[in-house]
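Below: one structure, written as structure tokens.
Just so we're on the same page: letters track the sequence lines, and every chain starts at 1. All values reported here derive from a predicted model rather than from experimental measurement.
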Amino acid sequence: MPQYWLFKTEPDEYSIDDLAREGECLWEGIRNYQARNRLRDEVEVGDLVFIYHSSCAVPAVVGLAEVTATGCVDDAQFNAQSPYYDSKSTREAPRWVTVRVRYREHLPNAITLKDIKSRKSFTDMELVTRARLSIQHVSQKEADELLKQGK
DNA sequence: GCCAACGTTGGC
DNA sequence: GCCAACGTTGGC
């Protein structure tokens, strides 16, 4: 059984439309250990990912993607020009690993953070209880409800 | 732009 | 290993 996740992204930086255009991308720039640990240890090929737009006018779950590869080194950590540069990471022991995702679909009805906060079925979502974590687990029940609301 | 909540760093 | 100081996230 594939698991469900929710990945946050700032649409000004990289939006679901960018992902749709590219088809597939490396989910780079995660620089938080809990999020990294999930990407490294828990996320599996075939898992489904809700794409969430944060730090924007209407924060919302906007679409779906699927994981196509795991254990990918995030090369931005070695690039001194990148905002994601990490001077303490080495090629021998890269600190930041991530996954690749493939675009699946936009949800016709984006589910806003406001919706999520106001609906009982979503009150246990990590979006509510652990708002800052950028790689969030979504239960089967929450996923079913998100898909129902989103169509 | 503010600020609450949370994550990280570094001195001890 | 504690914790104060500091930095970042992200909704509003």
Polar side-chain atom of Gln136(A) near backbone of Leu133(A) as donor-acceptor pair, under 3.5 Å: yes
Flag, side chain of Tyr14(A) to backbone of Asp17(A), donor-acceptor distance under 3.5 Å: no
Atom pair distance, as rounded to whole Å: CD in Glu126(A) and C1' in dG7(B): 16 Å
CG-CG distance between Asn79(A) and Asp86(A), expressed to the nearest 0.5 angstrom: 12.0 Å
Donor-acceptor pair, side chain of Glu142(A) and main chain of Ser139(A), under 3.5 angstrom: yes
Backbone of Trp96(A) reached by a side-chain donor or acceptor of Gln77(A) within 3.5 Å: yes
Between dG7(B) (C1') and Lys8(A) (NZ): distance, integer Å: 12 Å
Those residues that, when tested against Glu44(A), pass side chain to side chain donor-acceptor pair (under 3.5 Å) (two or more places apart): none
So which protein nitrogen or oxygen atoms get under 3.5 Å of nucleotides 8-11 of chain B's nitrogens or oxygens?
none

Sugar-phosphate, base or nothing in reach of Lys114(A), heavy atoms under 4.0 Å: nothing
Separation of dA5(B) P from Leu113(A) CG (nearest whole Å): 15 Å
